[in-house]
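The structure appears below as structure tokens.
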Amino acid sequence: MSAVLAIETSSHVGAVCLLRDGVAFKEIVRDNTKLSAWVVPAIDRVLRSAGLSAKALDAIAYGTGPGAFTGVRTACATAQAIAYAVNKPLQAVNSLTALASVFSTAYSSYPQFNWAKEEIKVILDARMSEAFTAGFIRASDKSLRMVSDTALQPIDQITFSENAAVLGSGAVIVARRMKLPEAVVNAITELTYTAENVWAESIARIAAILVAQGDAGIDPLTAEPTYVRNNVAKTEAERAEEARRDTFVRSEESTV
Amino acid sequence: MKDFSTTRSGLVLGIESSCDETGIALFNGRIGVIVAESLHSQILLHAPFGGVVPELAGRDHIKYGLRLIDSTLKSAGISGNEIEAVAYTQGPGLAGALLVGAQLAAALAYAWGKPTIPVHHMEGHLLSPMLADPAPAFPFIALLVSGGHTQLMRVDGVGRYGLLGDTIDDAAGEAFDKSAKLIGLPYPGGALLSRLAANGEETSFAIPRPLLHSGDLNFSFAGLKTAVANEVRHLTGTALPARGAISAPQPILPDDHPRRADLAASIQAAIVDCLVAKSVAALKRTGLQRIVVAGGVGANQKLRESLNRAAEKVGATVFYPPVALCTDNGAMIAHVGALRFAEAKLDYSVNVKPRWDLAELRAPTPCA
Ligand SMILES: Nc1ncnc2c1ncn2[C@@H]1O[C@H](COP(=O)(O)OP(=O)(O)O)[C@@H](O)[C@H]1O
């Protein structure tokens with residue numbers, strides 16, 4: 001018997017899933033619910049529906065992000081605290097990897113995507129005209145291998161071909177901007193929606209495999225989210241330097 | 001009413017993360033004692049930015065939160081299952097910072113099967129003098145002076161607070177910090193300014209004391225900052241920007257300027273005069289004989305001396321929290337959690353309140 005709890009709150013979607021002997025008990029919200037208010041009560045409902053208490057879990061997993069700063073901390077804090085309190089292993093799973101892995105199960109419904117040949121690209125809306133991206137290749141044993149690490153890119157510089165294997169909130173934005181055929185935009189939208197619905201389940205499945213392989217996971221005390229976007233403020237020295245450069249430019253201009 | 005008499009340990013875990021300090025403590029509500037505590041300050045992290053960067057605060061809270069909780073429990077030799085409730089700061093403060101402590105609290109309490117107690121950060125400060133020896137009895141006046149607050153309250157009991165006066169612009173701590181910046185001290189410069197002031201002459205500069213004779217119990221410190229900025233322009237020989245010009249950068253006093261200590265002393269005297277005058281007026285108006293000082297500015301030695309002297313003249317006694325509890329800390333949150341233990345609930349839904357008026361609080365009421 002195995003019971004893995006997974007938590008994903010890095011975006012507008014909140015998802016928790018208890019994977020118990022392969023069966024998923026889950027809850028998902030996507031209606032602007034405040035995820036911090038929702039998440040622990042949702043975990044409680046999911047565990048209750050399976051007749052389990054937190055102490056009966058074998059492992060706890062969380063989507064590390066990247067994503068909304070507050071959201072990635074919500075999942076991390078919740079998961080690390082539960083793992084610590086019940087003294088069970090903690091698994092950190094990249095949220096983009098979890099979405100990409102849905103391709104392995106959902107692809108057959110979307111024959112137009114050349115998923116098997118090409119890199120699977122996950123593109124998530126990161127706001128501020130940027131997107132989090134990562135690329136994956138499906139190995140012969142059907143597992144996913146990350147081939148281009150999670151990165152932050154200007155969203156208007158991202159392009160892909162019509163039959164590329166892409167998904168994620170950012171992929172939908174790019175497809176619309178590129179004016180790809182309506183059928184393609186719809187397919188990407190639908191696939192993204194489907195993948196988001198099993199986001200936590202996907203995290204739980206990845207974690208369950210790690211646990212089965214004897215992976216001890218990470219120490220709850222040092223667990224952290226994945227931010228990727230790190231330039232969040234300028235130091236006074238940097239601002240002074242900019243002001244100096246600004247004044248310089250301005251006086252140059254005024255002498256012209 | 002639910003109290004600690006029927007509990008096993010009487011222990012409340014307190015978690016504070018509203019701004020730039022991660023504070024954790026275990027408080028024994030049955031005997032009223034802080035059992036263990038730990039604190040991580042982010043002052044060095046934010047210093048290069050000249051102020052607290054909210055996102056960096058959130059990142060640091062999650063980096064240290066659970067580690068501090070673990071070391072607090074270990075140092076007390078307590079396991080999570082032995083505590084009675086988890087109290088956490090629900091507000092006011094930075095949303096992203098509050099969320100980390102609150103989320104850790106909710107998830108821990110849930111997994112331990114214990115109730116939670118959301119706490120108002122300023123009530124933590126307000127009641128922290130009760131942890132001193134001797135402790136003040138109710139009713140008393142409270143002067144709340146921190147980086148974000150400057151209030152005079154009448155305190156008749158836990159949750160029974162009446163606002164007597166408030167700042168209409170900057171907080172006293174803010175006035176200290178902004179002035180400190182103008183005289184070339186690193187953020188947050190309040191404590192450094194007061195150290196510098198010890199070697200200065202406080203009558204050398206005419207710094208205004210706004211609202212001193214306003215007849216009410218309110219404060220105003222924004223004009224004081226402008227006055228300091230003008231003094232610094234004079235001292236550095238910088239002209240005021242011409243009308244309509246692109247605003248010139250505000251000059252900062254160099255750290256070897258001969259008048260620096262004098263200016264620091266004059267600034268401190270102005271702020272302290274305002275705080276003391278209104279505190280005494282509050283004592284007179286209410287007829288109360290006890291006043292407590294809470295919040296970071298309460299650490300100011302000059303404020304303590306002046307207030308002690310002024311209070312003595314009107315026959316009142318001043319109480320201060322233990323020095324370690326003057327800045328943000330977990331003990332004051334665990335303490336309020338214990339005082340509000342009757343309100344502990346198996347509620348794990350996190351709803352932080354970045355803005356939350358102390359006057360909204362009520363006396364503890366047992367929940368169903
Ligand atoms: N000795 C002192 N003199 C004047 N101000 C001080 C002194 N020590 C600390 N402060 C000020 O207290 C404030 C911090 O208090 P704190 O209660 O932690 O406030 P907050 O939680 O609102 O930031 C800062 O503005 C700091 O400069």
Side-chain angles (χ1 to χ4, degrees), chain A residues 5 7 9 33-45 47 53-55 57 60 62 68-88 90 219-225 227 229-240 243-244 246-247 250, chain B residues 15 17 45-71 73 79-81 86 94-114 116 181 186-187 246 248-249 252 346-352:
Chain A
L5 173 71
I7 305 163
T9 58
T33 305
K34 262 198 333 208
L35 297 181
S36 53
W38 167 82
V39 68
V40 180
I43 290 168
D44 186 38
R45 287 189 293 271
L47 290 184
S53 77
K55 290 183 183 68
L57 294 169
I60 293 89
Y62 68 103
F69 291 156
T70 294
V72 297
R73 282 192 285 271
T74 299
C76 178
T78 306
Q80 70 176 154
I82 294 177
Y84 172 78
V86 300
N87 199 18
K88 290 293 165 60
L90 178 66
D219 182 352
L221 297 187
T222 54
E224 282 197 66
Y227 296 109
R229 182 182 273 150
N230 283 317
N231 222 339
V232 297
K234 294 197 172 94
T235 62
E236 292 203 296
E238 285 164 349
R239 284 200 301 259
R244 199 189 58 78
D246 249 21
T247 328
R250 227 181 274 142
Chain B
I15 301 179
S17 73
L45 171 72
H46 299 292
F49 299 93
V52 176
V53 180
E55 173 56 21
L56 295 184
R59 291 186 181 195
D60 214 52
H61 284 303
I62 201 161
K63 189 165 177 182
Y64 291 100
L66 195 57
R67 287 187 231 190
L68 292 185
I69 292 168
D70 180 57
S71 63
L73 292 174
S79 82
N81 302 310
V86 181
L94 302 168
L98 288 165
L99 274 165
V100 174
Q103 200 64 48
L104 286 171
L108 282 172
Y110 168 68
W112 285 329
K114 306 295 177 182
T116 57
K181 192 169 178 176
Y187 173 88
I246 322 163
I252 302 285
L346 300 172
D347 179 359
Y348 308 110
S349 186
V350 168
N351 290 286
V352 298

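Just so it is clear, the values below take in all heavy atoms, side chains as well, and ignore hydrogens, waters and symmetry mates. In the text below, chain A, chain B and the rest are named by the order of the sequence lines, each starting its count at 1. Only a predicted model underlies this, so the values are computations on that prediction, with no experimental measurement involved.
- Between B/Asp70 and A/Leu221 the shortest heavy-atom distance is OD2-CD1, 3.3 Å.
- With 3.5 Å as the limit, one finds no donor-acceptor pair spanning the side chains of A/Thr74 and B/Gln103.
- Within the 4.5 angstrom heavy-atom criterion, only side-chain atoms of B/Leu99, from C-beta onward, approach chain A.
- Here the NZ-CZ distance, from A/Lys234 to B/Phe49, works out to 11.0 Å after rounding to the nearest 0.5 Å.
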Side-chain donor-acceptor contacts of residues 36-44 of chain A below 3.5 Å, not counting sequence neighbours, with atom names and distances?
| residue | atom | partner | partner atom | Å |
| --- | --- | --- | --- | --- |
| A/Trp38 | NE1 | A/Glu27 | OE2 | 3.1 |
| A/Asp44 | OD1 | A/Arg48 | NE | 3.2 |
| A/Asp44 | OD1 | B/Tyr110 | OH | 3.3 |
| A/Asp44 | OD2 | A/Arg48 | NE | 3.1 |
| A/Asp44 | OD2 | A/Arg48 | NH2 | 3.4 |

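- Annotation: maximal heavy-atom pairing with chain B below 4.5 Å, among A/Glu238, A/Glu224, A/Lys55, occurs at A/Glu224.
- Of the two parts of B/Lys114, neither the backbone nor the side chain holds a non-hydrogen atom closer than 4.5 Å to a non-hydrogen atom of chain A.
- Here B/Glu55 does not pair with A/Arg229 in a salt bridge; the nearest charged N to carboxylate O distance is not below 4.0 Å.
- Every residue two or more places apart in sequence or in another chain that forms a ring pair (Phe, Tyr, Trp, His ring centres under 6.0 Å) with B/Tyr64 is listed here: B/His40.
- For A/Pro225, the part lying under 4.5 angstrom from a heavy atom of chain B is the side chain only.
- No other option in A/Ala223, A/Ser53, A/Ala233 has as many heavy-atom pairs under 4.5 Å with chain B as A/Ala233.
- Among A/Thr78, A/Val72, A/Thr70, the residue with the largest count of heavy-atom pairs under 4.5 Å with chain B is A/Thr78.
- Summarising the geometry of A/Ala85 relative to B/Ala111, their closest heavy-atom pair is CB-CB, 3.4 Å, with the distance given to 0.1 Å.
- For the atom pair CD1 of B/Ile62 and CZ of A/Arg73, the computed distance is 7.0 Å after rounding to the nearest 0.5 Å.
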As a quick check of understanding, evaluate side-chain contact (heavy atoms from CB on, under 4.5 Å) for A/Lys34 and B/Val350, giving each step before the final call. CA-CA 9 Å; A/Lys34 262 198 333 208; B/Val350 168; over 6 Å; no

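- Dense packing is recorded around CG of B/Asn81, with more than 12 heavy atoms of other residues, nucleotides or ligands lying under 6.0 Å away.
- Two residues are said to be in side-chain contact when any heavy atoms from C-beta on lie closer than 4.5 Å; B/Arg59 and A/Asn230 meet this criterion.
- Contact of B/Leu73 with chain A is made through the side chain alone, with heavy-atom distances under 4.5 Å.
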